[in-house]
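These notes are about the structure you will find just below.
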There are 2 protein chains.
Amino acid sequence: MASSHAFASQIDVARRAGVSAETVSRVSHGSSAVSERTKQKVLQAMNELEYRPNGAAQALKRGSFQTLGVALFDLRSTGNLLLLRAISESAALKGYSLTVQIVPHSKKVTLTDIYTHMRPQAVDGMIIILEQTMPDLEEFSPSPVLPVTIVTSLTTPHASTVDSDQEMAGRIATTRLLELGHHSVWFVSGPSDSIASQCREKGWRTTLIAHGIQPPTMLPACHGDWSPNSGYEAGCALARIPDCTAVYTANDAMANGVIAGLKDHGKRVPEDVSVIGEDDSLKDFEPHVRLSTISEDWTQVGKYAVAMTVDAIKNHRMAPRHELLPCQLIDRATTAPAPAES
Amino acid sequence: MASSHAFASQIDVARRAGVSAETVSRVSHGSSAVSERTKQKVLQAMNELEYRPNGAAQALKRGSFQTLGVALFDLRSTGNLLLLRAISESAALKGYSLTVQIVPHSKKVTLTDIYTHMRPQAVDGMIIILEQTMPDLEEFSPSPVLPVTIVTSLTTPHASTVDSDQEMAGRIATTRLLELGHHSVWFVSGPSDSIASQCREKGWRTTLIAHGIQPPTMLPACHGDWSPNSGYEAGCALARIPDCTAVYTANDAMANGVIAGLKDHGKRVPEDVSVIGEDDSLKDFEPHVRLSTISEDWTQVGKYAVAMTVDAIKNHRMAPRHELLPCQLIDRATTAPAPAES
DNA sequence: CTTCATTGTGTTAACGATAACAACTTGCGT
DNA sequence: ACGCAAGTTGTTATCGTTAACACAATGAAG
């Protein structure tokens, strides 16, 4: 007899309908051959007892949870958001639920920490959205029985990775500015431990060097922290450099700050200085966005992350894959040809 | 023998260490009396076999999943984001994991749809973050065996609810503008099916009426859709109303648009027109935010949502509770005393 | 009136972990 | 030598579900 505090089980339903548990199971799954009369009896009993199948028992029998674990560090960044949404959609399409773990990113956690924390959880595979560099990225080696896909632009020997190509972003932005006739390009970075920022910087640096240009030394003020105010400081500092006519900024929030800083020091954008940002996150907050930027295809990244994880679940002992997906320049109103020499 | 594609079970570990399964379980839990020698043997076997306890089996035995389901419609809104983070933190503190379900908000889903979709999932309780009005809000009645907390400013007879007090937000903003000497206050709404926008509008409307002021008819352009561009349209329309010296806008993105629209039509903010927004979401995208706004305490809302759900899980057949948490005016640079009569 | 497919239903035995108990060591006191 | 507690380990049964099989009942074909 089902007490008031417990769930009704299959057996309770079976008793009530005067059938066996297996028959209830068969009705639950809609499948197999059950006579119409029995089916109705069972369905009625299910309703009366508010029966819901016990997911744990099903998972135990099935041997899988149909669930992916997602670990991420912060939701404030637009990229992570869109990515989470894309992962959710793709996972749903493949019949997987999502268990989300938001890791406080102040702590000095390692990949292994995150992994061992999720290991005992009810998940069949994991996606780790990696923001900062991790000391154990090289050694990290997930067990083949619980595969992991890491979303990052770095590659690791023992786990699959996928990301929007951040280095390409740096290359595209820098190349575009050089094409416009600028003699060099200044860079405003994100936090020093941000992988995305590091890769964007590398793209910027290598492109300049490939064009035979010595990358300008980065001022202290140009080491930002993603915040618009840190961008403002950078803008103020860059305004004092007469040569500086082109800036690539590691995100749009800081780019907004850079532009404000430049303007407050008498520089016009784009007439005096061109600015390219990254992530196209302003359109939800400002009317008529003017900022030229790089847009990333997070939907695609999410799709890949889920697909790679599910593949690895179905086929353990699969070799790690590494995917980098292209991003795109959105040329708006903050980029212009270099001003004439003075 | 553990085959290459399957997880090692407790029994595999037991065999390897030459002990019984129960002993492995005891070592797993760190508890009970196990001799040091045996413990080491077991730990070694665990490592060698990469053992991880089967969450499904544990949940089945325990009778609970230690997991909360969270259903939400969109992650783009700042509120939902902060809320999800707060829920995640509170849940972790109480030993619960989170299964997140992002419901495509284009569809005409009902609360019952969401509930029945999550019912068979491996969750002990649910939190539904409700954005839009739902046709079945009145009738919706979750089973006591799977309690639900709905995050919404509306109340329902059969389920617990909690939210930041949206009506209060409308009252605070409107009251502040009236205190500054404005004769009336105009409102720019969000989408018509948004519960938050409806409540904010109600707070605005009742406050005006309480001061003996007939709320101005809402222009078609003042029915926005949260986007800054829709706010811009509203700003353009309001600029043509000479009486209009104070505007309360249902979110900050639209407020940004309203200000741009007003300025483009020769109105100064705040000298000619005062503007108050809502949600304080701009500080991550703009340096030196000037917009006066209402800030909501999502951390607190999340804490309540988790606490209420967990309480209901521990004590089924608990009466539904309804909580509304206070919000706060942040008075910055877009509010000023009403201009002198012309 | 058998024989044999067909259809519907019940029975058994797992899945992996663990509470509750039983059983076996020790070491100590008498 | 005996009894008894304390410490350690093994056994059994169970959580809810379902695959695989066993078994009835029915009807059609020979």
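Only this structure's heavy atoms are used, side chains among them; waters, hydrogens and symmetry mates stay out. Sequence lines set the chain letters: A, B, ... in the order given, protein chains first and strands last, and positions in each chain run from 1.
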DNA chain C: Glu22(B) or Leu60(B), which has the more 5' nearest nucleotide?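 That would be Leu60(B).
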
Output the rounded distance in Å from [atom1] ([X]) to [atom2] ([N]).
{"X": "Glu36(B)", "N": "dT9(D)", "atom1": "CD", "atom2": "P", "result": "11 Å"}
{"X": "Arg37(A)", "N": "dT7(C)", "atom1": "CZ", "atom2": "C1'", "result": "15 Å"}
{"X": "Arg15(B)", "N": "dT9(D)", "atom1": "CZ", "atom2": "P", "result": "19 Å"}
{"X": "Asp12(A)", "N": "dG16(D)", "atom1": "CG", "atom2": "P", "result": "8 Å"}
{"X": "Gln40(A)", "N": "dT9(C)", "atom1": "CD", "atom2": "C1'", "result": "17 Å"}
{"X": "Lys61(A)", "N": "dA20(D)", "atom1": "NZ", "atom2": "C1'", "result": "9 Å"}
{"X": "Phe65(B)", "N": "dA17(C)", "atom1": "CZ", "atom2": "C1'", "result": "15 Å"}
{"X": "Phe7(A)", "N": "dC15(D)", "atom1": "CZ", "atom2": "C1'", "result": "13 Å"}

Minimum-distance nucleotide to Gln10(A) side chain [options: dA17(C), dT18(C), dT18(D)]: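 Output: dT18(D).
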
Report the nucleotide, chosen from dT9(D), dG16(D), dG8(C), that has the shortest atom-to-atom distance to any side-chain atom of Thr38(A).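 Between dT9(D), dG16(D), dG8(C), the one nearest the side chain of Thr38(A) would be dG8(C).
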
What I'd like to find out is whether the side chain of Met134(A) reaches to under 4.5 Å of the side chain of Thr152(A), using heavy atoms alone.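 No. Closest side-chain heavy atoms not under 4.5 Å.
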
It should be established whether [X] places a side-chain nitrogen or oxygen under 4.0 Å from OP1 or OP2 of nucleotide [N].
{"X": "Ser25(A)", "N": "dG16(D)", "answer": "no"}
{"X": "Gln58(A)", "N": "dG16(D)", "answer": "no"}
{"X": "Ser35(A)", "N": "dT9(C)", "answer": "yes"}
{"X": "Ser20(A)", "N": "dT11(C)", "answer": "no"}

Checking all strands, does Val19(A) fall into the base, sugar-phosphate, or nothing category for heavy-atom contacts under 4.0 angstrom?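 Answer is sugar-phosphate: Val19(A) comes under 4.0 Å of backbone atoms only.
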
Hey, does Ser28(A) reach any base, or is it just sugar-phosphate, or nothing, if we go heavy atoms under 4.0 Å?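 No contact.
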
Decide yes or no, distance alone: a donor-acceptor N/O pair under 3.5 angstrom between the base of dG10(C) and the side-chain of Arg26(A).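 By the distance-only test, yes, there is a pair.
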
Any luck finding a side-chain donor-acceptor pair between Thr309(A) and Thr149(A) under 3.5 Å?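 Present: a donor and an acceptor within the cut-off.
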
Count the heavy atoms of every other residue, nucleotide or ligand shown that sit under 6.0 Å from NZ of Lys303(B), and state whether that count exceeds 12.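 Atom NZ in Lys303(B) is not packed in, count stays at 12 or less.
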
Is a donor on one side and an acceptor on the other found under 3.5 Å between the side chain of Asp311(B) and the backbone of Met308(B)?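 No: the side chain of Asp311(B) does not pair with the backbone of Met308(B).
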
Of all the heavy-atom pairs spanning His322(A) and Ala159(A), show the shortest one and how long it is.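 That would be CE1-O, 3.3 Å.
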
